[in-house]
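The structure appears right after this line, and notes come after that.
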Amino acid sequence: MASSIAPLILFSFFISISSSLSQTLSKPKALILPVSKDATTLQYVTHIKMGTPLAKKNFAVDLGGQHFWMDCDDGQYVSSSFKQSLCGSAPCSVAKATCDGACFPGYNRPGCNKEKCHVNIDNTLIGGGFDVGFISLDKISIQSTEGSKYGPYVGISDFIFACANDRGVGNLARGANGMVGLGSNQIALPTQLSSAFGGSFRRNFAICLPSTSKSNGVIFFGDSPYVFYPGYNTSKVIDVSSRFQHTKLYINTAVTGSSVVTRGPPSPDYFVKVTSIMVNKKPIRVNSTLLEFKKTGKGGTKISTVEPYTKLETTIHRALVKAFDKEIAVWNVSKVAPVAPFTDCYTTGNMGMTILGIGVPDIAFVFENNKNLYWEMYGANSMVEMSRDVVCLAFLDAGDEPIITTPIVIGAHQLQDNLLQFDLASNRLAFTSTLLLEEVECSNFKF
Ligand SMILES: *[C@@H]1O[C@H](CO)[C@@H](O)[C@H](O)[C@H]1NC(C)=O
Ligand SMILES: *[C@@H]1O[C@H](CO)[C@@H](O)[C@H](O)[C@H]1NC(C)=O
Ligand SMILES: *[C@@H]1O[C@H](CO)[C@@H](O)[C@H](O)[C@H]1NC(C)=O
């Protein structure tokens, strides 16, 4: 018990807070980051000011990512407040970093030497590691919020991040310097922020992803109301937390690829327990054993911002499409040739346009313990318009076991214009279902 608590205590010692604007801001209740959708890669990108002088850096957002990493090679990172972490230091132990001579010849980045501790960087966009990242510290600056608009910037010194090379940024959205992980581990952004401010700064965060690349959505850290202005009309105000429904968040075991594991290391990803899927309020037939959490880390339902579309295990996907095709028949549509990456595309027939997107049978994920607790998805989240006449079902076939480990991965298209709050202090997910029901889009937050 004592050994697992030690790193957190050390951690709160060396993190310190500064505010250039006012003393009262040094303990904000909540912080806020803008998030935009990159039209080419469909990645979600945020920007954070770092270093001295403060420079804006762009990061692809990985909900289940464990590291905050960036390309520091060849003068990409220049800051007078940059500090390297030496082996045996508190940041190295918080980061669960290792120490050996990983500073290979040819590496040219700040503080590269044998004493430096490092982690293996996970670039989930390319399916895993690509480089060692040297544990580094610098100042970051993020805007505060009281829940209805962007407030003054708050500085956090000695923020822990990992300096890697440019091999990992090749597949990121144009202009991105690295990735920011929002995972459940200690050095991911949510826990670092709550450790920095402590006290009333709750260990939770909320994401509201925009549906287009034209306007920004928001990511909140800490506790605040979530006040949006439907259609940017400031005389209509809604705190969208009034729409919250809750289900348990699971920290799953990382998949080890072996079936004899009794308990592996925790995965930084966020999981929930879906027990069934409905189309037009009618449950479809799925193998419920598949959806159970297994000791090996398999099973369960993961939420992801790096998968553009929800992926379902083959038999679940097949059952969903079958039920969807049956329900949509009354719309007088016909199935047309698939348009990659989608497998199920339709002529628009008599589907009308509604405030919830194109009018199609709704799809709902039902959570454990309560058949009336479900996350409902309408056209805006279930379909993608390919042309004026063709729309595709935005649920992909992930393949079957043993190729895949998680039978349901809820992807970014399904998260758009929904607010999801990940409460790490009480292991609870709060979700709104689509905010379009309130005529709110994630971009309807005030700058
Ligand atoms: C804003 O909302 C108010 C109250 O619902 C309404 O009367 C007004 O016409 C709206 N303004 C615009 C520009 O839509
Ligand atoms: C359901 O899934 C489990 C676990 O993957 C599998 O062992 C079993 O054969 C499946 N049952 C059916 C009826 O397909
Ligand atoms: C259904 O679609 C066909 C051709 O796509 C059309 O000829 C027919 O009139 C449509 N029926 C209805 C009821 O809309």
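Counting starts at 1 for both ligands and their atoms, following the listed order. We're numbering straight along the sequence, starting at 1.
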For this session: Report the C-alpha distance between Arg203 and Asp423 in whole Å, list the side-chain angles of each, state the deciding distance to 0.1 Å, and finish with yes or no for salt bridge (charged side-chain N to carboxylate O under 4.0 Å, His left out).
Result: CA-CA 7 Å; Arg203 200 156 74 92; Asp423 188 338; over 6 Å; no

Problem set entry | Contact atoms of ligand 2, heavy-atom distance to Leu290 under 4.0 Å | 2 (O), 5 (O)

Problem set entry | Check: Phe367 ring centre within less than 6.0 Å of Phe431 ring centre | yes

Exercise. Should Lys294 be counted as touching ligand 2, given the test is an N or O pair under 3.5 Å?
Worked result: no

Exercise. Does the separation of the ring centres of Phe59 and Phe68 fall below 6.0 angstrom?
Worked result: yes

For this session: Decide salt bridge (charged side-chain N to carboxylate O under 4.0 Å, His left out) for Lys282 and Glu327; before the verdict, give the C-alpha distance in whole Å, the side-chain angles of both, and the deciding distance to 0.1 Å.
Result: CA-CA 10 Å; Lys282 298 168 196 158; Glu327 296 295 325; 2.7 Å; yes

For this session: May I ask you to check whether Glu401 has an N/O atom sitting below 3.5 Å from an N/O atom of ligand 2?
Result: yes

For this session: Compile the protein residues with any heavy atom at a distance under 4.0 Å from an atom of ligand 1; present them by chain, then by number.
Result: Asn233, Ser235, Lys236

For this session: Measure the acute angle between the ring planes of Phe342 and Tyr309, then classify it against the limits of 30° and 60° as parallel, tilted or perpendicular.
Result: perpendicular

For this session: Determine whether the aromatic ring centres of Tyr270 and Phe205 lie less than 6.0 Å apart.
Result: yes

Exercise. Between Tyr374 and Phe365, does the ring centroid distance fall short of 6.0 Å?
Worked result: no

